Amino acid sequence: MFDKKTYEPQEFEEKIYKEWEEKKYFSAKIDKNKKPFCIIMPPPNVTSQAHIGHALDMTYQDILTRFKRMQGYSALWLPGADHAALATEHKLVEKLAKEGKTKEGIGREEFDKEAWAWYNFYGNRIMTQFKTLGFSADWDRYRFTMDEKSTKAVLEAFIKLYNKGLIYRGTRQTHWCIHCKSVISDDEVVYSDEKGGMWHIKYPFADGSGHIVVATTRPETLFGDTAVAVNPRDKRYKNIVGKMLKLPLTDREIPVIADDYVECEFGTGMVKITPAHDPNDYEVGKRHNLELISVIDKEGKMTSASGKDFVGLSLLEARAKVEEELKKQGLLEKVEPYTHSVGHCERCKTAIEPMITEQWFVKMDELVKPAIKVVKDGELKIHPKRFDKNYFHWLENIQDWCISRQIWTGHRIPIYYCDKCKHIMAAKSMPEKCEKCGHTHLTQDSDVLDTWFSSALWPFSTLGWPDKTEELEYFYPTNVLVTGYDILTQWATKMVYMGFECAGKTPFRNCLIHGLVRDEIGRKMSKSLGNGVDPLEVSEKYGADALRIALIKDMALGLDSRFSMTKVDNARAFINKIWNASKFISLHSQDVDILPINKTKKETKDKWILTKLSNIIKTVTNNLEKFDVGMALSNIYNFAWNEFCDWYIELCKPAIYKGGEDKQNTVSILAYVFDNILKVLHPFIPFVTEYIYKNLKPLENNAESIMISSFPTTFSVSSYKEEFAMQDKVVEAIKLIRNAKNEAKIASNVKSDVYYGDIESLGSNASEIEKLALVNLTSEKGDGKVVYSPLGEFVLLDEKKDKEELIKELEAEIKRVQFEVDRSEKMLSNPRFVEKAPASLVETEKNKLEVNQKTLLNLNSKLNSLK
RNA sequence: GGGAGUUUAGCUCAGCUGGGAGAGCAUCUGCCUUACAAGCAGGCGGUCGUAGGUUCGAGCCCUACAAUUCCCACCA
């Protein structure tokens, strides 16, 4: 089984996963005898393929789920996908266009069919991709934001909020995408700097007494102007407030008004006010009761309000024509190049148009209160804590949520209008007649809901809400939401306030925030840069386990990390190390009857590694409980490689080669420690640990899968204290001797003679030192380089030294120890240190001083005898 | 404009409630030692962004400044 020199993940990952699935290890049962643990998977968009960001996010969740499952919790990781209305509609329309069709052409019903085919195909694809990365979600519970149960939850929530007056229809200034032909929310607008111009336009006074100049980046909107504003404190313009202006290219007159919104220093200090097409102007208009004149329609064309010469023109055409006309009439003072920030549709990148439209909104002020409180009270903890601030800031400044979208993909708004009396009703399905006038012809609102409406319900709709299910009772509130800081505010906040409103409780008790995966030089991964890493490609080549380590190891909570193939290489090297440790154990356990750990005879080295093992189990467990997954992995990674492989296995070799009982005991303990390491590693690297667990002979009698074995717990090691300290000294001595050999330029494959005073006192440690430092210990004195170790002096005999050199070395050592003594003395002679520092610290300092003073005396007398 | 993060070895990053600066990569030296050269052993390398302050003691706490990244608001 372990005859291969290196580990080849391709051979077993797929097979192992299939077995896990067949044996239903992922399925979580409601078990009153077990504590529940639940993570709801943030649903990836059906439009996307698994990318590196998903891989990171899901790996965190998988590690936590596997850990808790092994700890004996009934651990549910509930998977699902999001219909991503705008994004999906965008892609569907593209697809139809390729087939020469339009959505209007095929109609709403046919479009829905297309959408469902898409959901099923792509939803399945991304979940299949997740499986190759080893994720242990309960696939039988797979949910989709548009499925029947989710739809039921959406209707229930909408009607509940509507009846409470928390959902209302309003006419507002909204962001309109002329490409998607839908309103989009503030969150869906992305700003970027764009080069444009600043048009300085003359507006003549109506009474013929000259003109003023306003500066604008959008001259084509001048048809919608209903005023020009100046700052009330602006002395330059004090006397013109209230005067009328002749609006160029029209026969309308507009007033000069005063409003604080205007900044005196900017432009000419005069702003044309277009309430229908600018959010700020809209507010100014409200304050001054100005008329709203829409001059741009939903297609991005000029309306009839712009006059017969301009109606029907596109924005760009209109802009050119306005410029031309103004020039002709001598009303254009100048056009300056100007760069400013322009909002774009997140999906299609089209510049958005601020526009007055009628939309559905969720009223926020009352809704968010429990969401703020729950974090303030510490009942919902955000990790790391500093993200609290972002969370509060967002909720405290929140605007009413626009939930209607003028597209076809998504949950249709459950609002019905009476064709006769225009009465509005909210209902789960078409009412038979108008509740007010009894008319039987009703029409459903044509809009659909914002995608986030259904994802806001995700933590409880997936558990069966609004029905009172056992799942909801048992698993809700869930334990932890894992997500990137980029959607903490956009999504997590929505779930919390909807959780309180609908399910009466916080949807999760912890929120784990991780950073973004960036490329090797710290850039965001993006299609346009072409610097994206495909997790599936990496997994195929190096194994899912290696990818998982590369993503998680050393990642600090909430911080971005850089992904590189070097990390993957290191990860693979680590797994290969584990693989080879298996090979070693396999090789030497062929003819050995493995003893249970409590029947083994334990030597110093064994008590040493067992102490370290117990400590590392504690550390890893603590870090996982704190959600510091990256740190937990580093802990066990370093232990497995440095302590176990590099030291313990090497320390075991003398006993193993000796054979007999020594070998039997050693191999038994070796297998025990390794078994524990595998279990601790399993949540991080599930595949290779499972493969080894199942195929390594000394572990044969264990549970049928490492997945359902118990996570190791600490054990008492207090009686090993002395041996632990001794082995540490031996290790230190070996390092120092190696170091000395290296400095003496002795090749590491050359065995050196080394003098040591009391070889017998070392016991079996003597052979360890001989083997690991590659030396021959002798009690015959001789000259050479002296190694000062915690076990006393060793003398490297190969290197003959003259007296002068010895004195030099001795003096160097004296200097070093003297420094230590001085340091301790200085600290201890400070009364405030002795007084205020913790007693244990003072104590260790005293001890150190004592030991060092003795050493110093020793060294000095030696120096004197040489001189 | 408001808020948050980051700044530690050449590079990527750890560093606990304040108690002697760490890892990996890179580089250099020596080794194919019967688990592993995808490896082993060892070396070099740091005024912890700057300046103050608190403290017996500061990479860690406080203040200011600088560089850099991100979020929110938004620029007629």
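Note: hydrogens, waters and symmetry copies are ignored here, and every other heavy atom, side chains too, is used. In what follows, chains are A, B, ... by sequence order, proteins preceding strands, each numbered from 1. None of the values given here were measured: they were computed from a predicted structure.
B:rU68 is paired with B:rG5 under the criterion used here, namely a Watson-Crick or G-U wobble arrangement in which both key atom distances are under 3.5 Å. B:rC40 and B:rG30 make up a base pair, with Watson-Crick or G-U wobble contacts both under 3.5 Å.
Nucleic acid contact class of A:Trp641 (heavy atoms, under 4.0 Å, all strands): sugar-phosphate only. At the heavy-atom level, A:Asn280 lies under 4.0 Å from the strands shown only through sugar-phosphate atoms.
Rounded to whole Å, the separation between the C1' atoms of B:rG45 and B:rU27 comes to 10 Å. Spacing of C1' atoms, B:rU68 relative to B:rC74, comes out at 22 Å, to the nearest Å.
Between the side chain of A:Thr566 and the base of B:rC25, no donor-acceptor pair under 3.5 Å is found. In this model, no side-chain donor or acceptor of A:Gln399 finds a partner on the base of B:rA73 within 3.5 Å. Between the side chain of A:Glu820 and the base of B:rG20, at least one donor-acceptor pair of N or O atoms lies under 3.5 Å. Contact of A:Lys577 with B:rC36 (side chain to base): a donor-acceptor pair of N or O atoms is detected under 3.5 Å. At a cut-off of 3.5 angstrom, the base of B:rG57 holds no donor-acceptor pair with the side chain of A:Arg832. For a distance-only test at 3.5 Å, the side chain of A:Lys848 qualifies as a donor-acceptor partner of the base of B:rG20.
Checked for salt-bridge contact, A:Arg562 and A:Asp519 miss the test: no charged N lies under 4.0 Å from a carboxylate O. Salt-bridge formation is detected for the pair A:Lys785/A:Glu743: a Lys NZ or Arg NE/NH1/NH2 atom is positioned less than 4.0 Å from an Asp or Glu carboxylate oxygen.
Of the possible donor and acceptor atoms, one in the side chain of A:Asp560 sits under 3.5 Å from a partner among the backbone N and O of A:Leu516.
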